[in-house]
2 protein chains.
Amino acid sequence: MSIRVGIVGYGNLGRGVEMAIKQNPDMELTAVFSRRPVDQVASSQNIVHISEVEKYADLVDVMILCGGSATDLPEQGPMLAALFHTVDSFDTHAKIPEYFDQVDAAARKGGKVSVISTGWDPGLFSLNRLLAEAILPEGKEYTFWGKGVSQGHSDAIRRIDGVRSGVQYTIPVEAAVNKVRSGDNPELATREKHNRVCYLVAEPGADLARIEEEIKTMPNYFADYNTEVHFISEEEMSRDHSTMPHGGTVLRSGKTGTNSTQIIEFGLKLDSNPEFTASVLVAYARAVYKYSNEGHVGAKTVFDIPFGYLSPKSPEQLRQELL
Amino acid sequence: MSIRVGIVGYGNLGRGVEMAIKQNPDMELTAVFSRRPVDQVASSQNIVHISEVEKYADLVDVMILCGGSATDLPEQGPMLAALFHTVDSFDTHAKIPEYFDQVDAAARKGGKVSVISTGWDPGLFSLNRLLAEAILPEGKEYTFWGKGVSQGHSDAIRRIDGVRSGVQYTIPVEAAVNKVRSGDNPELATREKHNRVCYLVAEPGADLARIEEEIKTMPNYFADYNTEVHFISEEEMSRDHSTMPHGGTVLRSGKTGTNSTQIIEFGLKLDSNPEFTASVLVAYARAVYKYSNEGHVGAKTVFDIPFGYLSPKSPEQLRQELL
């Protein structure tokens, strides 16, 4: 029997989950739950208004929460964790402990399992930080992001007066990455690790020099980086900048025994950030299903779930084929 | 209280474990168990003859088995799994299912936990194969090994008549690695993935051409590869080829949703293969200790153990610092 999955939220991530479920024969999509009026959602799927979600308690095995971390998940996470096994990609780092506690209380009350904060960062990158630190306790860890579109930085440039549309790419400084790969354990300032490159469409008649200056001096977002600003046409924007690539690298360089340098590297190169995050969520939906069948309850993170649960294969098959 | 660790077998791996324990303040070495007469083992450690091992049942929390997979572990693994929680690096791939069953039966009889077949391959590479396959079910996986010393191939060239000493390096073909990284999903023949480079010291008067020919045509080991053979002096051998570097890369390139190419890569660059393997074993010794404290028993693999157990940090600390 297939694992019956529900999707809550139907933006880029929700649509990514819909596509990822089709790649996994042991899973099926029961319904997509949306806050918008059902007749306004364009989809061939079974679209259900979120107010009806409780009726699906026996029809959905795992609910994948695809809302944003700013306002959607803090509300939906605990509410749905009491009713369903859930998986989400909550990524407001500073609030993870608080969110974990709220989801944990709700999930325990409902006898459910919720995996919070999965995806690739937090998620796969977190797993690799833990692994590398546990194996190489005497060492130094580096995370580089990109080349990829940062939503937060793109939003920030779009809020500037005179900007019609904009995309910001985070680009790791190749020389810095190579220095770490060489085992040097360099001290790297913020500016030495990443560059920021912005492509903007300006409103007609806007003061381009003022826009560029506002971006380059924006605290937290750009002031500490080497930032490039390019003004382009509407056509170039939609032709060259409509996809959402991303990726990055977690590196740990450590020393063992006889002063040997040992380097562990985990990297992602993604054509589509939301589709990849969606694929991670779907694998963890399977894990939650298998894990909950063993009687576990409560909020969990990627640190708590054995990898074997992510796979549709049996333990015997995994040992034979993948070990 | 520290986790009390015992080491069985005192070759390169056992000495690596001894050094790795010193890097982990939550662990201490109780004793090294050896088959050799105790007075013949040069060490500042507490060396105990293996025949005395049963007396340590209450003095050792986790036993790390550092013997070889050919003859040591098939005998010692099941025997010690009945008496201690154990960790080993059993790597005879075809015999893993059989070995698992034997260790599992012994561990269950003794109420113990044994993690078998950890290290980096099998071990960390296996984990990454599973993870990448679960996330990107439509894709192709590639493993490249090296640059590094292969013990099996080095042993094979040393068995040839007229060879005094020899070291074989496995070297991944850079062009093939880059092709995979580009998302091409190439079909690669054995010869296209790795080259083999041998450094030999010949006996005086040996027929060098015959040795080179014997190596290059040796079935399984060299015949399917582009192989280089270099004859060097005894001095060069001990100066340039006495360390045991290794490493490699597990790559999976897959497609999601809108035909997006998504690439997951995990790589190791190791100055010392045995010291790194030892560091992995020590992290899993901690995991076995924490995991067994929750009432688990039986044989386990890296696929069964959540990453959180590898770390000395509490779940709260891990969520706060590493997620």
Side-chain angles (χ1 to χ4, degrees), chain A residues 15-16 19-20 23-24 93 96-97 100 117 122 124 126-131 133-138 181 183 243 247 256-258 260-272 275-276 278-280 283 286 301-308 310-312 315-316 318-320 322-323, chain B residues 15-16 19-20 23-24 93 96-97 100 117 122 124 126-131 133-138 181 183 243 247 256-258 260-272 275-276 278-280 283 286 301-308 310-312 315-316 318-320 322-323:
Chain A
R15 281 191 292 273
M19 293 185 281
Q23 294 187 303
N24 290 280
H93 183 82
I96 285 177
F100 179 90
S117 301
L124 307 190
S126 320
L127 283 166
N128 277 279
R129 286 185 199 112
L130 189 163
L131 181 71
E133 178 183 281
I135 293 170
L136 300 174
E138 295 177 16
R181 283 192 183 128
T243 61
T256 60
T258 60
S260 309
T261 299
Q262 317 273 28
I263 294 172
I264 305 178
E265 175 167 357
F266 179 80
L268 298 171
K269 207 168 77 188
L270 310 174
D271 271 2
S272 167
E275 288 176 19
F276 186 79
S279 295
V280 177
R286 176 185 296 117
T301 73
V302 292
F303 300 150
D304 303 311
I305 308 286
F307 275 26
L310 296 167
S311 172
E316 293 74 22
L318 289 174
R319 287 194 293 270
Q320 189 136 36
L322 295 177
L323 199 66
Chain B
R15 280 190 293 272
M19 292 185 281
Q23 294 187 302
N24 289 280
H93 181 82
I96 285 176
F100 179 90
S117 300
L124 307 190
S126 321
L127 282 166
N128 277 279
R129 286 185 199 111
L130 190 163
L131 181 71
E133 177 183 282
I135 293 170
L136 300 173
E138 296 176 16
R181 283 192 183 128
T243 62
T256 60
T258 60
S260 310
T261 298
Q262 316 273 30
I263 295 172
I264 305 177
E265 176 168 354
F266 179 79
L268 297 173
K269 207 166 77 187
L270 310 175
D271 271 1
S272 167
E275 288 176 19
F276 187 79
S279 296
V280 177
R286 176 185 295 117
T301 73
V302 291
F303 301 149
D304 304 310
I305 307 286
F307 275 26
L310 296 167
S311 171
E316 293 73 22
L318 289 174
R319 287 194 294 271
Q320 188 136 36
L322 294 178
L323 199 66

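In the text below, chain A, chain B and the rest are named by the order of the sequence lines, each starting its count at 1.
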Among [options], which residue has the highest count of heavy-atom pairs closer than 4.5 Å to chain B?
options                                    : value
Leu136(A), Thr261(A), Leu268(A)            : Thr261(A)
Glu316(A), Arg181(A), Glu275(A), Met19(A)  : Glu275(A)
Ile96(A), Ile264(A), Leu310(A)             : Ile264(A)
Asp304(A), Ile263(A), Leu124(A), Ile305(A) : Ile263(A)
Ser311(A), Ala283(A), Ser279(A)            : Ser279(A)
Val302(A), Asn128(A), Asn24(A), Leu131(A)  : Leu131(A)

So for [X], is it side chain, backbone, both, or neither that comes closer than 4.5 Å to the heavy atoms of chain A?
X         : value
Thr301(B) : side chain
Thr243(B) : neither
Arg286(B) : side chain
Glu133(B) : side chain

* To do: Determine the option with the most heavy-atom pairs under 4.5 angstrom with chain A, choosing from Pro122(B), Gly16(B), Pro137(B), Pro97(B).
  => Pro137(B)
* **Residue among Glu265(B), Gln262(B), Arg15(B) with most heavy-atom pairs under 4.5 Å to chain A** => Gln262(B)
* Asked: Who passes ring-ring contact (aromatic ring centres under 6.0 Å, His included) against Phe100(A), sequence neighbours left out?
  -> none
* Using atom types as modelled and distance alone, determine if a side-chain donor or acceptor of Glu138(A) lies under 3.5 Å from a backbone N or O of Thr256(A). => no
